Amino acid sequence: MSLELKTNIPDMNGQGASARGSNAPKLPIYLDYQATTPCDPRVVEAMLPYFTEKFGNPHSRNHPYGWEAEEAVEKARAQVASIIGADEREVIFTSGATESNNLAIKGVMRFHKDKRNHMITTVTEHKCVLDSARHMEMEGVDVTYLPVQQNGLIDLERLKAAITPKTALVSIMAVNNEIGVIQPLAEIGKICREHHVYFHTDAAQAVGKIPLDVNAMNIDLLSISGHKIYGPKGIGALYVRRKPRVRLEALIHGGGQERGFRSGTLPTPLCVGLGEAAAIAQREMGAEAERLRFLRNRLLDGITKALPEVYVNGDLEQRIPGNLNISFAYVEGEGLMMGIKNLSVSSGSACTSASLEPSYVLRALGVEEELAHTSIRFGLGRFTTEQEIDYAVEQVVSAVKRLRELSPLWEMAQEGIDIKSIEWSGH
Amino acid sequence: MTRQIYMDYNATAPMRPRAIEAVAAGLAQVGNPSSVHRFGRLARRAVEEAREKVARAVGAVPSEILFVSGGSEANNLALKGSRHARILASAIEHDSVLAAAPGERIPVDREGVVDLAALDRMLNADRRPALLSVMLANNETGAIQPIADIVRVARAQGALVHCDAVQALGRIALDLHALGVDFASLYAHKLGGPMGVGALYVRDGLALSAQIAGGGQERGQRAGTPNLPGIVGFGVVAQQASDDLHDMIRIRGLRDRLEAGIKRLQPSIRIFAENVERLPNTSCFATAGLDAETQVIALDLAGIAVSAGAACSSGRVQSSHVLRAMGADPALAGSAIRVSLGWQSEERDIDEFLTAWGALLARHATGGQVETAA
């Protein structure tokens with residue numbers, strides 16, 4: 001069966017701006033790679049046979065359809081293990097990073113809480129980690145939510161101080177989904193190992209973007225997402241260390257697949273897709289990081305050269321190259337989003353952006369509410385082009401300038417009036 | 001190479017071409033349904049259109065359909081998420097139901113059908129609010145359970161009903177509102193849809209506590225970025241299977257032809273659930289002294305894929321809990337194989353099966369050794 005693969009990311013179809021010999025990129029431009037990434041056509045190619053002739057259930061023991069599927073799943077498992085320096089027997093397939101995070105946190109705490117009922121996480125974790133921790137609180141677990149510093153990174157001394165003899169688990173994300181900052185994983189891992197506490201890291205935004213090694217970093221559990229690394233949606237993985245063995249309770253019970261940690265039929269094509277996505281990311285990570293750093297710097301320079309009063313949220317050095325999160329002073333958030341509607345960006349994490357609450361991540365960095373409302377997350381990725389970045393700079397700069405021209409606050413600021421000192425009369 | 005014949009549709013089914021096209025298109029579509037921008041909106045629309053299709057195919061409304069990763073998750077979510085202190089599951093349920101609901105088991109009769117009188121007694125003996133879990137059709141024997149009657153008994157006693165309809169979807173007409181169940185599990189890949197996507201029907205007015213918490217997707221009952229390509233494929237295949245349900249008349253004809261054939265070859269054969277309402281595609285049978293492993297290997301050498309039991313038990317060699325619950329003699333249960341047919345099955349598959357099985361039987365009868373794989 002032949003299938004034409006055509007995506008709505010123009011450059012993936014070999015007809016990007018440069019191929020058309022024009023400087024106008026196709027609109028809208030996708031700059032939301034931390035929300036989700038396009039599935040790489042090479043990944044789709046690897047998956048297709050498992051949708052067609054190789055359709056077996058990998059748990060069928062009685063015939064070659066099952067054996068063939070099982071072999072493909074095991075190859076994929078090895079590919080996933082390789083990108084984090086793990087043994088393939090330590091990789092559990094799940095339906096995605098949300099399930100992986102739930103399984104790691106609830107699974108470990110439910111198993112251990114009778115003896116050790118304390119866990120530590122941070123206030124800037126993904127919502128599913130925070131929700132899992134809150135669920136555990138309802139089940140009698142004590143949770144410490146560590147604050148972060150102004151740059152978004154945790155203070156290692158505070159982590160050390162928070163660990164008690166009752167602590168079973170530390171869950172700290174590798175890379176933040178909104179501001180892209182990289183936590184000091186090796187240092188966290190060392191502290192956890194010294195205190196005999198399990199270290200779980202949500203690496204959904206980190207895998208394939210920064211080098212990860214579960215042994216060198218003393219990571220005991222690590223969550224992986226398929227669709228954040230140019231693989232399919234609906235698949236993820238959880239790394240669960242064998243030595244020293246991590247014990248946890250399953251979330252989904254049944255046939256006992258995946259070492260008993262996760263029952264259910266393994267979706268062969270999706271496993272294959274995750275494996276291929278991991279293999280490609282591992283191969284191309286170095287060169288891709290360079291390319292993205294160049295594009296990200298071009299975006300940042302373009303904006304800061306043309307506009308004063310813009311602030312980068314989160315540490316710029318300890319950050320993945322594909323992320324830029326900036327707040328624009330003296331503009332109004334919604335107006336700004338309207339002004340750049342040809343850029344598909346996020347004004348917060350995808351999972352929370354439907355609400356109008358300012359981002360809890362930015363608030364945790366101490367960003368003022370107004371600035372949090374005017375923050376934009378630019379997510380750059382594998383199919384982002386230089387033309388797209390140049391277009392984005394142009395759009396952002398002109399939109400901000402236009403909005404500021406209409407803003408009395410901007411006018412006052414230009415005249416040197418400190419707006420915070422004004423006592424507004426009540427109405 | 002011999003022609004490969006697949007007769008294990010209750011384990012998984014080959015994907016239907018329209019579902020493959022839909023999944024491939026979904027894989028090429030960029031966007032997280034939770035995003036506000038255009039890519040997000042288009043992704044959300046695709047998911048909601050699929051939800052409407054699935055709902056229509058099972059006699060529900062879209063707001064009653066939650067997308068999950070598959071049948072096991074759907075069963076776990078219904079049973080644990082409803083937070084019932086007392087759950088009664090039939091003795092022939094899928095492993096994922098039995099594992100999620102340790103506790104009381106509703107017995108079945110010799111034909112593998114839930115014993116309604118026993119259920120009534122169990123509910124009368126303990127007046128705590130209960131949740132019942134009974135599958136619509138059994139994966140091993142195909143026996144269809146009297147769900148409407150079970151719902152009636154449950155209502156009279158104030159109990160709720162969860163129904164694992166994974167094997168029924170696309171094989172018999174399914175109208176969840178008419179059946180009156182409170183929760184129902186659905187799975188795409190058994191009917192020729194993609195793996196890794198299923199749904200849980202939650203009757204309007206009921207809510208479950210999420211087992212996978214996070215971004216508030218699926219009305220707060222199942223977090224995680226939705227599996228867009230899978231969901232789109234599920235929508236297409238649910239609609240197609242319900243439109244093409246008449247094809248099951250053909251499939252039933254094939255199954256009946258197969259059973260007539262094996263009875264001719266071996267008059268003493270036991271066909272499980274033969275005398276009750278059954279899925280049109282399933283046949284589970286045993287002949288004393290001819291063990292399942294031998295049959296499966298011989299059939300595999302002839303290029304025919306069947307199953308010696310449920311595929312989901314991850315390779316554990318164990319006699320079927322379903323056949324045991326039906327009171328089958330352990331030796332006989334160890335001889336049972338399951339043939340399950342589907343949309344690609346055709347008449348010559350049945351003929352070739354009968355030829356291969358007949359030859360195996362003849363060798364067995366003359367005491368000859370069955371050749372094993374080189």
Side-chain angles (χ1 to χ4, degrees), chain A residues 1 3 5-9 28 30 32 35-36 38-39 44 47-48 51-52 55-57 59-66 95-96 98-99 101-102 126-128 131-132 135 227 232-235 251-257 263-270 344-346 350-354, chain B residues 6 8 11-15 17 20-21 23-24 27-32 34-40 42 68-73 75-76 94-96 99-100 189 194-197 211-216 223-230 296 300 305-308 311-316:
Chain A
M1 183 164 183
L3 287 160
L5 297 171
K6 221 166 166 44
T7 77
N8 48 352
I9 296 286
Y30 190 75
D32 204 6
T36 189
C39 196
V44 179
M47 293 167 69
L48 283 178
F51 286 125
T52 52
F55 60 83
N57 181 326
H59 314 294
S60 291
R61 288 304 164 105
N62 300 135
H63 48 68
Y65 294 90
S95 68
T98 293
E99 185 187 333
N101 286 333
N102 273 260
H126 189 271
K127 210 156 176 325
C128 65
D131 272 10
S132 296
H135 265 75
H227 76 100
K233 295 184 177 81
I235 187 83
L251 278 185
I252 299 176
H253 294 93
Q257 291 93 345
S263 291
T265 298
L266 282 175
T268 318
L270 300 183
S344 291
V345 292
S346 168
C351 295
T352 54
S353 54
Chain B
Y6 188 74
D8 199 9
T12 190
M15 269 179 77
I20 298 175
E21 278 167 33
V23 172
L27 284 169
Q29 185 174 350
V30 183
N32 185 327
S34 302
S35 296
V36 181
H37 48 66
R38 192 188 308 175
F39 292 93
L42 291 174
V68 297
S69 67
S72 292
E73 187 191 335
N75 287 336
N76 273 261
H94 187 264
D95 278 340
S96 57
H189 80 100
M195 288 174 154
V197 61
Q211 301 300 293
I212 297 178
T225 298
N227 171 4
L228 181 140
V296 162
D300 176 43
V306 301
S307 165
C312 299
S313 33
S314 66
R316 280 175 298 139

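Quick caveat, the model's predicted, so the values are computed rather than measured. In what follows, chains are A, B, ... by sequence order, proteins preceding strands, each numbered from 1.
If you tally non-hydrogen atom pairs under 4.5 Å between each of A:P267, A:G66, A:P64 and chain B, the highest count goes to A:P267. For the set B:S72, B:P194, B:A213, the entry with the most heavy-atom pairs within less than 4.5 Å of chain A is B:A213.
Contact record, B:F39 with A:S344: CD1-OG, 3.1 Å, taken as the closest heavy-atom pair. When all heavy atoms are compared, the tightest approach of B:V306 to A:N62 is O-CB, 3.4 Å. Smallest separation of non-hydrogen atoms from A:A35 and B:N32: O-ND2, 3.2 Å. B:T12 approaches A:N57 most closely through the heavy-atom pair CG2-N, 3.3 Å. When all heavy atoms of A:D32 and B:S35 are compared, the closest pair comes out as OD2-OG, 3.5 Å. Closest non-hydrogen pair, B:R38 versus A:P28, comes out as NH1-CD, 3.4 Å.
For B:V23, the part lying under 4.5 angstrom from a heavy atom of chain A is the side chain only. When heavy atoms are compared at a cutoff of 4.5 Å, B:N227 approaches chain A by way of both its backbone and its side chain. Heavy atoms closer than 4.5 Å to chain B are found in the backbone of A:L266, but not in its side chain. Residue contact with chain A, scored on non-hydrogen atoms closer than 4.5 Å, involves the backbone of B:Q211 exclusively.
Not a single ring-ring contact (aromatic ring centres under 6.0 Å, His included) links A:H253 to another residue, sequence neighbours left out. Residues satisfying the ring-ring contact (aromatic ring centres under 6.0 Å, His included) test with A:F51, not counting sequence neighbours, are none.
Here OG of A:S263 is found 7.5 Å from CG of B:N76. Values are rounded to the nearest 0.5 Å. Distance check, rounded to the nearest 0.5 Å: NZ of A:K233 to OG1 of B:T225 gives 7.5 Å.
Here the side chains of A:P232 and B:L27 are in contact, with some heavy-atom distance below 4.5 Å. You'll find the side chain of A:R61 stays beyond 4.5 Å of the side chain of B:V296, heavy atoms only. Using a 4.5 Å heavy-atom cutoff, the side chains of A:L270 and B:M195 are not in contact.
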Assess the residue pair A:T52 and B:I20 against the criterion (side chain to side chain contact (heavy atoms under 4.5 Å, CB included)); give the C-alpha distance rounded to whole Å, side-chain angles, the decisive distance to 0.1 Å, and a yes or no.
CA-CA 8 Å; A:T52 52; B:I20 298 175; 3.6 Å; yes

If you apply the rule side chain to side chain contact (heavy atoms under 4.5 Å, CB included), what do you find for B:V30 with A:Y30, and how did you get there?
CA-CA 9 Å; B:V30 183; A:Y30 190 75; 3.9 Å; yes

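In this structure, the ring of A:H63 has its center less than 6.0 angstrom from the ring center of B:Y6.
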